Amino acid sequence: MKPAGGKTWFTAAELAELSLPGLPKAKRKINERAQVEGWAFRTDAAGLPLCRPRQGRGGGLEYHMDILPAAARASLASRGVSIVADVRPVPESGASSRWRWFEGLNDDAKAKAKHRAGVVASVDAYVRAGLTRSAAVATVSARASVSPATLWSWLAMIDGVAPADRLPFLAPQHKGGGTESDVDATVWQYLLSDYLRPEKPTWSSCYRRATEMATSIGVTLPHQKTLQRKLEREVDGRLIIAQREGADALRRAMPPQQRSVMDLHALEAVNIDGHKFDVFVRWPDGRVGRPLMVAIQDLYSRKMLAWRIDESESALATRMVFGDLFRNWGIPKKCLLDNGRAFASKMITGGAKTRFRFKIKDEEPTGVLTALGVEIHFALPYRGQSKPIERAFRDMCDAIAKHPAFAGAYTGNSPDAKPENYGSKAIPIEDFRRMVDACLAEHNRREGRRTETAQGRSFDATFAESYAVAPIGKATPEQLRLTLLTAEDRPVDRQTSVITLEGNRYWTPELSAYAGKRVVVRFDPDNLHGEVHVYTREGRFIATAPVIAAVGFFDKAAAGARRKLEGGARKLARDLAAQHELLKASDIAAMLPAYEDEAPAPQPTVVRPVRHRGQAVALRQERVEQAANQAGILDRMAAGITRLHAVK
């Protein structure tokens, strides 16, 4: 490539093609060096960036020639590239630039400038009073303990400057006395690359290794502090954070985003998440573990609307808590959740196109939220601050986990924060659930909340005020059934039409038509003594079947209810028979046609002759048998004659 005169911006590919001294000869290596040295963050003395987006197809970045090593710039100049041909905006000058420079001074320098401005103002006052300028300088010099020469130099600083702009011109302008030390580009690149690593080595150790490397190639390094000041002066702090701390640290270095909920109303948007309590509980089977709560919070008021406690964060618990929300409050328009397996499962968000988990297919089943038209918003993975419910969970760590009722069962929030009485107690799960319900009710009604919408009120009051006037989508019974767990196929008893589930029996007259068949049952696993919803295997709703509870052996009321139920079944059978207008058996027999006792036998019209096959074979067999019989008779006769001669 032959650069045109006045060209000052170059891409990495162009720099590689130019083969400049002090730079790599490959585009990839130039990009790596640009990343290590932070070319994207570099600015010149006027604060103007030395990197800009490339205009045109393909995009990319362009770097100004001032960012290049001295040898590379000299080579460009020898090839006809003029350094003064830069067309970047001219930096501001005059009073405005001096004021900008003045703002960057420390308080001591600003105080000196104010003192000098006061002394100069006294000189002007004496001049206005009638003294000559020399007499005024002499008078003020004696009063302010400032030498006349110094005072005259201050006056020279503000010659031709408006009184309102004197302050930055009178500020002390200390300049360094030495010249900047030259640093070999290869050694400096090595030092930066060593320091800007995720392992975060100290500057001293990096300088020591760089010194050894420089010695091996015959180069002398300046003092460690000199290079450290060069680092602070030339390398953007954002690059240091990004390389040593990581992308998350760079994000945290930026001011957090504030999102307002004033444009929402109650139940318009909710967020859901799981929280594992730092408390040991005892499950019904005797096992001890830490329970996990899946909870839903209203975004507008921050009120906790529904929650379920289980052993783990599962799609079942998520589905049940959504069922509680729909039943007690209504259907929200939007829901914010993360990509955990419990929330991003196809049972909950199947059909959503923005999940971060699992492969999305067009033929996948529709989830509960998708089927009900709830707009799903997934928070970024590992971004807890995106969900306001995390703030409520932090309160629960103190209000619930450390409650006096759980003394001895608290586990601590980390392995090295175990209390002295760790593991001395486990709370029965039912007692723990009752306490959580009470604590969350207190959490909602507590006054003095300082959120954007509460303004000193409680979450309950904030929610109730908006809920009363907001358009709320109420869930129908059919929609509520969608939120219940889909069980495996269950057989309907062939004789009694009863469905058995977890040892309980469920029955309704509508099941009689499905005796001996298999159906799908939806149910609440926490309320197996209630009712189940029965569907065909094709998904059509059949009926809601209540549980058949066991009764006392001599319970007369239950016996009477049973007789009434049986009588109702008989009456229904009679009504159905009358509805279908069934005929009597005698009427059915009378409607049959009359038949003769015996029909005449048919006569053949064609006679087929019958021939006996195999007669010759039968005759030969008969003759053979006769000959054998005769031979046997002769043998017996000969044997008898032989015995007779022997006797004689």
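Computed from a predicted structure; not experimentally measured.
The two atoms that bring A253 and I241 nearest to each other are CB-CD1, 4.1 Å, heavy atoms only. Listed here is the closest heavy atom pair of V270 and P332: CG2-CG, 3.9 Å. Taking both residues in full, the closest heavy atoms of L292 and S312 are given as CD2-C, 3.9 Å, listed atom of the first, atom of the second, then distance. Of all heavy-atom pairs spanning A26 and A16, the tightest one is C-CB, 3.7 Å. Among all heavy-atom pairs drawn from L23 and P69, the shortest one is CD2-CD, 3.8 Å. Pairing each heavy atom of P168 with each of W101, the nearest pair is O-CZ3, 3.3 Å.
Rounding to the nearest 0.5 angstrom, the gap separating the CD1 atom in I331 from the CG atom in L325 is 9.0 Å. For the atom pair CZ (F10) and CD1 (I30), the distance works out to 11.5 Å, reported to the nearest 0.5 Å. One finds the CZ atom of F326 at 10.5 Å from the CG atom of D324 (value rounded to the nearest 0.5 Å). Summarising the geometry, atom CD belonging to Q228 is positioned 10.5 Å from atom NE2 belonging to H223; distances are rounded to the nearest 0.5 Å. For the atom pair CG (L336) and CG (D273), the distance works out to 9.0 Å, reported to the nearest 0.5 Å. The OG1 atom of T8 sits 9.0 Å away from atom CD of E62, with the distance rounded to the nearest 0.5 Å.
Side-chain atoms of Q243 and P198, non-hydrogen and from C-beta on, never get closer than 4.5 Å to each other. By the 4.5 Å heavy-atom criterion applied to side chains, M157 and R116 are counted as neighbours. The shortest distance between side-chain heavy atoms of L337 and N271 does not fall below 4.5 Å. Between C51 and H64, every side-chain heavy-atom pair lies at or beyond the 4.5 Å cut-off. Between I376 and C335, the closest side-chain pair of non-hydrogen atoms is not below 4.5 Å. Between L221 and L191 the shortest side-chain heavy-atom distance does not fall below 4.5 Å. Annotation: side chain of E37 is not in contact with side chain of V235 (no heavy-atom distance under 4.5 Å). Side chains of D236 and R42 form no contact here, defined as non-hydrogen atoms less than 4.5 Å apart.
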Report, one line per pair, each donor and acceptor closer than 3.5 Å where one atom sits in a side chain of residues 299-307; sequence neighbours left out.
{"residue": "S301", "atom": "OG", "partner": "D298", "partner atom": "OD2", "Å": "2.7"}
{"residue": "S301", "atom": "OG", "partner": "K303", "partner atom": "N", "Å": "3.4"}
{"residue": "R302", "atom": "NH1", "partner": "L299", "partner atom": "O", "Å": "2.3"}
{"residue": "K303", "atom": "NZ", "partner": "D460", "partner atom": "OD1", "Å": "3.0"}
{"residue": "W307", "atom": "NE1", "partner": "D437", "partner atom": "OD1", "Å": "2.7"}

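Between K112 and D107 there is no salt bridge, since none of the side-chain N atoms of the basic residue sits less than 4.0 Å from a carboxylate O of the acidic one. Looking at R209 and E212, no side-chain N of the basic residue comes within less than 4.0 Å of a carboxylate O on the acidic one, giving no salt bridge. With salt bridges taken as basic N to acidic carboxylate O contacts below 4.0 Å, none links E199 and R244. A salt bridge links E245 to K200: one of the charged nitrogens lies within less than 4.0 Å of a carboxylate oxygen.
The aromatic ring centres of Y195 and W203 sit less than 6.0 Å apart. Note: W329 and F463 meet the aromatic proximity criterion, with ring centroids under 6.0 Å apart.
Here the side chain of R52 pairs no donor or acceptor atom with the backbone of Y63 at under 3.5 angstrom. Remark: side-chain polar atoms of S75 are not paired, donor with acceptor, to backbone N or O of A72 under 3.5 angstrom. Under a 3.5 Å cut-off, the side chain of Q297 and the backbone N or O of A392 do not form any donor-acceptor pair. No donor-acceptor pair closer than 3.5 Å links the side chain of R449 to the backbone N or O of F459. A donor-acceptor pair under 3.5 Å is formed between the side chain of S216 and the backbone N or O of M213. Listed for the R391 side chain is no donor-acceptor partner under 3.5 Å among the backbone atoms of P388. Judged by distance alone, with hydrogens and angles left aside, the side-chain atoms of Q35 form no donor-acceptor pair with the main-chain N or O of E32 at under 3.5 Å. Judged by distance alone, with hydrogens and angles left aside, the side-chain atoms of T215 form a donor-acceptor pair with the main-chain N or O of T211 at under 3.5 Å.
A donor atom on one side chain and an acceptor atom on the other are found under 3.5 Å apart for S205 and T202.
Annotation: K110, atom NZ; neighbour count of heavy atoms from other residues, nucleotides and ligands within 6.0 Å is above 12. Taking a 6.0 Å sphere around NZ of K29, one finds it holds 12 or fewer heavy atoms contributed by other residues, nucleotides or ligands. Remark: K474 NZ is packed, more than 12 non-hydrogen atoms of other residues, nucleotides or ligands lying under 6.0 Å away.
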Next item on the list: Would you sort out whether E465 and R457 count as a salt bridge (Lys or Arg N to Asp or Glu O under 4.0 Å), showing the intermediate values?
Entry: CA-CA 11 Å; E465 180 187 29; R457 298 175 297 171; 2.4 Å; yes

Next item on the list: Please test L61 against T11 for side chain to side chain contact (heavy atoms under 4.5 Å, CB included), starting from the C-alpha separation and ending with a verdict.
Entry: CA-CA 6 Å; L61 297 175; T11 64; over 6 Å; no

Next item on the list: Carefully, step by step, assess L239 and L196 under the rule side chain to side chain contact (heavy atoms under 4.5 Å, CB included).
Entry: CA-CA 8 Å; L239 174 64; L196 300 180; 4.1 Å; yes

Next item on the list: Let me see the working for M293 and D310 under side chain to side chain contact (heavy atoms under 4.5 Å, CB included), right down to the final yes or no.
Entry: CA-CA 6 Å; M293 179 180 69; D310 208 338; over 6 Å; no

Notebook entry, point to check: Between L250 and R238, does a side chain to side chain contact (heavy atoms under 4.5 Å, CB included) hold up when you go through it step by step?
Noted result: CA-CA 7 Å; L250 181 62; R238 292 169 293 182; 3.9 Å; yes

Item checked: R290 and D278: CA distance, side-chain angles, deciding distance, salt bridge (Lys or Arg N to Asp or Glu O under 4.0 Å) verdict -> CA-CA 6 Å; R290 294 166 56 196; D278 300 325; 2.9 Å; yes

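Both the sub-6.0 Å distance and the 45° axial angle are not jointly satisfied by R33 relative to the ring of W39.
Each ring-ring contact (aromatic ring centres under 6.0 Å, His included) pair with one or both residues in residues 227-276, not counting sequence neighbours, appears once here: H275-F277, H275-F393.
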